[in-house]
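Order of the sequence lines fixes the chain letters, A, B, ..., with proteins taken first and strands second; residue numbering starts at 1 for each chain.
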Amino acid sequence: MTENTQHQNSSVPEPELPKTYAPAEVEGPLYERWVDRGYFAADAKSEKPPYTVVIPPPNVTGSLHLGHAFEHTLIDALTRRKRMQGFETLWQPGMDHAGIATQNVVERELAKEGKSRHDLGREAFVERVWQWKNESGGQISGQMRRLGDGVDWDRERFTMDEGLSQAVKTLFKKLYDDELIYRAERIINWCPRCLTAISDIEVEYQDDEGELVSVKYGEGEETLVVATTRAETMLGDTAVAVHPDDERYAHLIGKRIKLPLTDRSIPVVADTHVDPEFGTGAVKVTPAHDPNDFEIGQRHDLPNIAVMDEHAVITAHGPFQGLDRLEARSAIVGALRAEGRIVAEKRPYTHSVGHCSRCKTTVEPRLSMQWWVKVGPLAKAAGDAVRDGKVKVHPQEMEKRYFDWVDNLHDWCISRQLWWGHRIPVWYGPNGEVVCLGPDDEEPTGEGWTQDTDVLDTWFSSGLWPFSTLGWPEQTESLEKFYPNSVLVTGYDILFFWVARMMMFGLYAMDGTPPFHTIVLHGMVRDQFGKKMSKSFGNAVNPLDWMDKYGSDALRFTLARGANPGVDVPIGEDWVQGSRNFANKIWNATRFALMNGATVEGELPPAERLSATDRWILSRLNSVVAEVDAYYEDYQFAKLSDALFHFAWDEVFDWYVELTKTTFQEGGQAAEDTKRVLGEVLDVTLKLLHPVVPFVTETLWTTLTGNESLVIADWPTAVSVPGADAPGGFRDEAAEREIETLQQVITEVRRFRSDQGLQPGQKVPARLTLDGTALAPHEAAIRQLLRLQPEGEGFAATATLPVSGATVALDLSGTIDVAAERKRLAKDLAAAEKEITAANAKLTNEAFLAKAPDQVVDKIRGRLSKAEADIERIKGQLDALPAA
RNA sequence: GGGCGCGUAGCUCAGGGGUAGAGCGUCGCCCUUACAAGGCGAAUGUCGGCGGUUCGAAACCGUCCGCGCCCACCA
């Protein structure tokens, strides 16, 4: 039996809502209802303006983590609000086949069975990966449903499904025909574990401790010393390079010297790439195993001698054959030492070494034939679109990173020696023919024709995502209606991998129309101490765990509340619990309202009949509506969540609800009016909260209003009150000030009560002198909130608090701790006097008066008069205290 | 080597020329008929150091110290 049913069993008549909010029971069925009713389905034929967001497709490597939950919360909030605002909203779901990542995962699974992919063969292996994809994909969509993602499931796509594969072929062919795709032998980054080429950005550099050894090359008089950290590659050296102006070596340039451990001799070439200051000023050149050396080799027409195979094992003949690169390094240094060629001791040397971003293996530069995208024109357009303001980047600081990248881009190696992915649509014929096939072309069947065995970089298909998901290359209605995307929400970590590629492909394929208007880059989710979340560190959290425990709304609200633009988001379980408490607070406040007859029926009461309390809350409500809208337009999720949190909890659920209790007790027209106002305030507040916390608000709002669903309700605009029409909606600054004063009075007396050790519930006789003050109408509320009884026969004013012109006299029946109160009042008095001194110092400072803006001067004057009033009040309180 | 950013309450972070803020945590009192997943009250910071600009600096500038991230063909 749950806690809720226990509460329901109590004898007090309960409203239809249980006492405690139980998210787990509510959320699942609600979501399915939303989907069944088609709320999230986007209609390409709609007359409404479109609002489109594609999901950054999660990799089908496993399940979603908190980072996805974060991203989805932001996108869902944006799209839910736009849907409520009357846009034809498409949040397009889907997943990414994630070539190398997924292949690695499945290979690891196979390894557990003691098999490799080669045991299965290409076809069976790919079949196996599809199986994995189906399982993983199911998990992911289950998590998205649990989160409440308002996606159009009928449009779910996968980067390897039929349509998207056609899009990939189409784009490849177009690029090929435009000579923006070519095949070339170059030095690429090779992962000897994944056994594939990877692109530049798939290499992660980190500082590794290496050793710099100095080796004497040549014989007799014709020797020089080179410094290297990679002695094992010397077997493939085809030159030594020195700077052309380096006099030390001038006599050797053009000569050949003996390469140690081999029977080859190699030339000494002059190349400006060499830094004479570094090491000995002479560099060994291994064109087949180093990108710089390769370029030197090109300039000097040097041969390329590869000495390692795809596993980074030495293939050169001799004693080193079969050693891997590290074994070979020490073996070769040992051999060189034996020959007396190590002229300086090994010296520790920290240098930056590239690692495979997927498996962390040290990358081996390797000469090989690969497919490339010529990025020059594409990157130029991608940069210009942002420079011209056609695409906005949020936060704007990230633009610089974007420009730095697209402006300095090297050609993109797109071929991968993998099995899982889009196979390169190029066929080779028996007589050296090379044919690139378009999507509708027949595959050649003749003798000797074979398709390229490589697949495309997974980011190639991701780059098409904003339009391939809409049916491109077909000119579909959806493409017409929903391209370009309104906004792209994604992490700054894939700005280059994905965002820049979408920009390049989108502009290229869609005739210069960028794929989205705005790029919103969010941070990474971290743990509550700001540490990166990772499975190996043990601080990774499955979002489902917290959703089960606290509800999806709680998780979503916590994430949204942490979403400051572009910065990382720490999250801890305590914080989710806090958000759960907020959801429960919303629940109970609405429950209170329902028990007291709050309603949304009929017009709001006319302004002249409304109490100051009602006018205050409506005025505040309208400020918050405006504030939340402004924050949404600026993608300030943390700000809007915080504003809603404080408005809802502090102002509505706390002050306003407490104040309505007196009104409801008294009944009459005032109570009827307040029921309507309370209903209105809740109606709007629940709507404002809905995009971030959709479930609890849906449950409460449908109960409150009897309407079908918040998902399709209208987004609130400023509330108007009959008889007080104003352009920006109803505002009442006088009422706001009046209630502020009321709050100050109540807080002051509460503090006094607390200081005096009076228990919160203890009734105290009191005389209130409120005549002629703005607080006069609030006497009943003041008495109720402060537990003040009417004065009795023997009333003695033992403590008097003159606040804002009113007087509250409490009969503390001689129990007052006079010494403590004097002490506290003395402290307050000192503070007020200090304030007066400070303010006077300013107001007599001519430089200040001359230069400070009027607003500031007025503020200081206000502060001065408040301090003066405080002193009067405090003196009054001191005088009213009985003698010790 | 280049670029960007950050150091504010015990923790995580907002703020940003005019009296220091939030959430969580801490302390005290309370089951006050929506909510103890709650209410009320309280405490807590020379806003990293040092200079400068200014009537006024936590905020702007310089510099130093400490962190983080991104980029780069440092043999």
Side-chain angles (χ1 to χ4, degrees), chain A residues 3 12 15 17 19-21 187 201 205 212 226-230 241 273-275 278-286 290-295 349-352 365 397-398 400-401 404-405 408 410 492-493 495-496 526-530 550 554 558 561-562 564 566-572 574-575 577-596 638-639 642 645-646 653-654 657-658 661 747 750-755 757-763 784-785 787 834-835 838-839 842 845-853 855-857 859-860 863 867:
Chain A
E3 209 179 334
V12 182
L17 299 173
K19 187 172 179 179
T20 300
Y21 177 50
I187 291 273
I201 48 172
Y205 288 89
L212 198 60
V226 301
T228 181
T229 55
R230 301 212 57 203
H273 169 75
V274 180
D275 173 9
F278 186 92
T280 59
V283 188
K284 63 190 272 309
V285 180
T286 325
D290 182 279
N292 292 317
D293 293 4
F294 181 75
E295 285 180 20
Y349 179 68
T350 303
H351 60 145
S352 189
E397 297 89 83
M398 290 287 181
K400 201 168 159 49
R401 270 193 202 186
D404 284 349
W405 198 72
N408 297 294
H410 295 185
Y492 61 71
D493 58 329
L495 179 62
F496 306 145
R526 293 170 174 267
D527 76 5
Q528 59 192 311
F529 305 110
Y550 304 109
T558 309
R561 211 174 170 197
N564 288 117
V567 297
D568 291 346
V569 188
I571 185 169
D574 286 354
W575 311 353
Q577 196 175 321
S579 299
R580 185 274 313 267
N581 295 354
F582 178 49
N584 189 54
K585 187 74 185 178
I586 303 171
W587 181 267
N588 273 295
T590 308
R591 198 162 150 266
F592 165 86
L594 291 167
M595 289 165 79
N596 285 282
K639 297 266 171 56
D642 201 56
F645 177 85
H646 285 291
F653 303 157
D654 183 348
V657 160
E658 288 304 321
K661 285 179 181 175
T747 302
R750 274 175 179 163
R751 183 165 72 146
F752 177 78
R753 286 186 56 127
S754 177
D755 286 350
L758 289 170
Q759 296 192 336
Q762 189 179 330
K763 301 264 170 52
Q784 167 139 342
L785 289 175
R787 315 281 150 191
K834 198 176 155 193
E835 177 68 31
K842 290 237 166 193
N845 181 334
E846 287 185 20
F848 169 75
L849 291 173
K851 294 187 181 179
Q855 251 181 321
V856 174
V857 177
K859 222 171 177 176
I860 305 279
R863 223 186 289 159

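Remark: side-chain polar atoms of A/Arg526 are not paired, donor with acceptor, to backbone N or O of A/Asp568 under 3.5 angstrom. Within the 3.5 Å criterion, the main-chain N or O of A/Arg750 finds no donor-acceptor partner in the side chain of A/Ser754.
When both distances must be under 3.5 Å, the Watson-Crick or G-U wobble mate of B/A42 is B/U26. Under the Watson-Crick or G-U wobble criterion, with both distances below 3.5 Å, B/A37 has no partner in any strand shown. Across all strands shown, B/C31 remains unpaired; no Watson-Crick or G-U wobble contact has both distances below 3.5 Å. Pair check for B/U54 finds none; no Watson-Crick or G-U wobble contact set falls under 3.5 Å. Pair assignment for B/G21: B/C13, on the basis of Watson-Crick or G-U wobble contacts that are both within less than 3.5 Å. Base-pair partner of B/G1: B/C71 (Watson-Crick or G-U wobble, both distances under 3.5 Å). Nucleotide B/U63 has B/G49 as its partner under the Watson-Crick or G-U criteria, with both atom distances under 3.5 Å.
The side chain of A/Asp275 approaches B/A75 more closely than any other nucleotide in the set B/A75, B/A34, B/C55. Here the side chain of A/Phe496 is nearest to one of B/C70, B/G18, B/C13, namely B/C70. Of the listed nucleotides (B/A37, B/C29, B/C35), B/A37 has the atom at the smallest distance from the side chain of A/Asn581. You'll find that the side chain of A/Met595 is closest to B/A34, out of B/U12, B/A34, B/C55. Looking at the side chain of A/Lys19, the nearest of the listed nucleotides B/G23, B/A37, B/C35 is B/C35. For A/Phe592, the side-chain atoms get nearest to B/A34 when compared with the rest of B/A34, B/U12, B/U32. Each of B/A22, B/A14, B/C55 was ranked by its minimum atom distance to the side chain of A/Lys639; first place goes to B/A14. In the set B/A34, B/C55, B/G3, the nucleotide with an atom closest to the side chain of A/Asp404 is B/G3. Distances were taken from every side-chain heavy atom of A/Lys851 (C-beta onward) to each of B/A22, B/A34, B/C55; the shortest belongs to B/C55. Residue A/Asn584 has its side chain nearest to B/C35 when only B/C74, B/C35, B/A22 are considered.
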Produce the list of close N/O pairs, under 3.5 Å, pairing protein atoms with atoms of nucleotides 41-46 of chain B; give distances to one decimal.
| unit_1 | atom_1 | unit_2 | atom_2 | d |
| --- | --- | --- | --- | --- |
| B/G41 | O2' | A/Ser754 | OG | 3.2 |

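Under 3.5 Å, the side chain of A/Lys585 and the base of B/C35 form at least one donor-acceptor pair of N or O atoms.
Here B/A72 presents its C1' atom at 16 Å from NE2 of A/His351, a figure rounded to the nearest Å.
Side-chain contact between A/Thr286 and A/Phe294: absent, with no pair of heavy atoms (C-beta onward) separated by less than 4.5 Å. Within the 4.5 Å cutoff, the side chain of A/Asp404 has no heavy atoms near those of the A/Arg401 side chain.
Along RNA chain B, the nucleotide nearest to A/Arg863 and the one nearest to A/Trp575 differ in position, and the one closer to the 5' end is contacted by A/Trp575. Between A/Thr590 and A/Asp654, the residue anchored closer to the 5' end of RNA chain B is A/Thr590, taking for each the nucleotide with the nearest heavy atom.
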**OP:** Would you check, one step at a time, whether the test side chain to side chain donor-acceptor pair (under 3.5 Å) holds for A/Asn581 with A/Tyr21?
**Re:** CA-CA 9 Å; A/Asn581 295 354; A/Tyr21 177 50; over 6 Å; no
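Around atom CD of A/Gln762, more than 12 heavy atoms belonging to other residues, nucleotides or ligands sit under 6.0 Å away.
Classified by interplanar angle (parallel below 30°, tilted 30° to 60°, perpendicular above 60°), the ring pair A/Phe653/A/Phe582 is tilted.
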